[in-house]
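This report concerns only the one structure given below.
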Amino acid sequence: MKSEPESFSIDDLKNRPNQTEHWDGVRNYQARNMMRDEMKLGDQVFFYHSNCAEPGIVGIMEVIREGYPDFLAFDPKSNPEKPTWMMVDVKYVRTLSRTITLTELKQKQELSDLALVRRGNRLSIMPVSKQQWDFILSQE
DNA sequence: GCCAACGTTGGC
DNA sequence: GCCAACGTTGGC
């Protein structure tokens, strides 16, 4: 999951009460669908800092509540049965010992299929396979 | 339903 | 600050 550190960083998450936060504000259907359908309780998630001096993976968090309506999204067309926008709750797990930069990720043959490094991908939430996950952590 | 214009994202 | 790559909007 991407976030611009200037608005919400891994440290901000760490300093939240209970080190948890709802991941609100996602207004993209593909990302919404991932929160609705894919992200399960207990899933581990990389925290990615975007749009900053050193874009890259900075930490790990965990899904502690599965997709539910984003109550901050006022949309007159949405009804409680079928909310337009959804969010999940996440909890801080740990900060990596160093930032694994986008530059590095792009250079690894093993990560050529990683959605993040595919050209032009601006999705704020992207899938990571078990193999990709393990490989990325091995680079820490 | 097409597609041009426009807005946003995000690396550089 | 620039600009490529998308997503969305809205006229037709």
Side-chain angles (χ1 to χ4, degrees):
Chain A
M1 296 173 111
K2 291 183 189 173
S3 180
E4 302 189 10
E6 286 210 7
S7 45
F8 187 72
S9 72
I10 184 88
D11 286 335
D12 292 330
L13 178 63
K14 187 180 181 179
N15 293 326
R16 280 287 190 274
N18 298 323
Q19 301 188 316
T20 68
E21 186 58 284
H22 44 259
W23 204 268
D24 63 283
V26 174
R27 300 290 181 270
N28 171 282
Y29 287 104
Q30 273 181 268
R32 188 277 314 273
N33 293 348
M34 242 171 298
M35 293 198 290
R36 187 188 60 195
D37 307 329
E38 309 289 342
M39 301 180 71
K40 299 300 177 193
L41 205 63
D43 281 356
Q44 304 262 113
V45 183
F46 283 133
F47 195 124
Y48 178 91
H49 278 175
S50 67
N51 216 358
C52 56
E54 194 177 48
I57 295 169
V58 294
I60 296 175
M61 47 195 174
E62 180 180 329
V63 176
I64 57 162
R65 183 175 174 188
E66 294 179 8
Y68 64 103
D70 184 341
F71 52 76
L72 297 167
F74 176 71
D75 183 343
K77 285 179 292 186
S78 73
N79 69 73
E81 304 289 306
K82 290 182 74 177
T84 307
W85 301 117
M86 304 188 76
M87 57 187 173
V88 297
D89 288 357
V90 292
K91 183 180 175 69
Y92 174 85
V93 173
R94 71 181 180 93
T95 302
L96 299 189
S97 56
R98 66 180 191 91
T99 299
I100 301 177
T101 65
L102 177 63
T103 312
E104 288 178 66
L105 297 173
K106 280 179 171 172
Q107 288 166 353
K108 303 295 182 188
Q109 191 61 43
E110 292 86 344
L111 300 176
S112 55
D113 288 333
L114 187 68
L116 178 71
V117 304
R118 304 302 289 261
R119 236 173 63 124
N121 206 324
R122 302 175 312 163
L123 272 181
S124 61
I125 304 177
M126 289 177 282
V128 181
S129 74
K130 178 73 166 71
Q131 290 83 352
Q132 290 164 340
W133 178 277
D134 291 340
F135 179 80
I136 289 167
L137 279 185
S138 78
Q139 304 299 304
E140 186 182 357

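Naming: A, B, ... by sequence-line order, numbering from 1 per chain.
What separates CG of A/N51 from C1' of C/dC6 is a distance of 15 Å, to the nearest Å. Regarding A/R118, its CZ atom lies at a distance of 11 Å from the P atom of C/dC6, rounded to whole Å. Atom-to-atom, CD1 of A/I125 to C1' of B/dT9 comes out at 15 Å; the value is rounded to the nearest Å. Summarising the geometry, the separation between NE2 on A/H49 and P on B/dT9 is reported as 17 Å, rounded to the nearest angstrom. Between the P atom of C/dT9 and the CZ atom of A/R27 lies a distance of 13 Å, rounded to the nearest Å. With rounding to whole Å, A/R122 atom CZ is found 6 Å from B/dT8 atom C1'. In this structure, A/L123 places its CG atom 10 Å from C1' of C/dG7, rounding to the nearest Å. The separation between A/M126 atom CE and B/dT9 atom P is 14 Å, rounded to whole Å.
Contact annotation: A/Q30 reaches the phosphate of C/dG7 (side-chain N/O to OP1 or OP2, under 4.0 Å). For the pair A/Y29 and C/dC6, the criterion of a side-chain N or O lying under 4.0 Å from OP1 or OP2 is not met.
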Side-chain polar contacts of residues 131-138 of chain A - donor-acceptor pairs under 3.5 angstrom, sequence neighbours left out - could you list them?
residue, atom, partner, partner atom, Å
A/Q132, OE1, A/S129, N, 2.8
A/Q132, OE1, A/S129, OG, 3.3
A/D134, OD1, A/K130, NZ, 3.2
A/D134, OD2, A/K130, NZ, 2.7
A/S138, OG, A/F135, O, 2.6

For residues 41-51 of chain A, which side-chain donor-acceptor pairs fall under 3.5 Å, sequence neighbours excluded?
residue, atom, partner, partner atom, Å
A/D43, OD2, A/K40, N, 2.8
A/H49, NE2, A/I10, N, 3.1
A/N51, ND2, A/E4, OE2, 3.3

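A/Y29 has its ring centre less than 6.0 Å from the ring centre of A/W85.
Counting non-hydrogen atoms of other residues, nucleotides and ligands closer than 6.0 Å to CD of A/E6 gives a total of 12 or fewer.
Among residue pairs with one or both ends in residues 106-115 of chain A, those qualifying as side chain to side chain donor-acceptor pair (under 3.5 Å) are A/K108-A/Q139; sequence neighbours excluded.
Every residue two or more places apart in sequence or in another chain that forms a salt bridge (Lys or Arg N to Asp or Glu O under 4.0 Å) with A/E21 is listed here: A/R16.
Of the residues in residues 1-14 of chain A, A/K2 come within less than 4.0 Å of DNA chain B through at least one heavy atom, sorted by number. The stretch residues 98-107 of chain A comes close to DNA chain B through A/L102, A/K106, each having a heavy atom under 4.0 Å from the strand.
Note that CE of A/M39 and CH2 of A/W23 are 9.0 Å apart. Values are rounded to the nearest 0.5 Å.
Between the side chain of A/D12 and the backbone N or O of A/S9 there is at least one donor-acceptor pair closer than 3.5 Å. A/Q19 places a side-chain N or O within 3.5 Å of a backbone atom of A/K14 that can act as its donor or acceptor partner.
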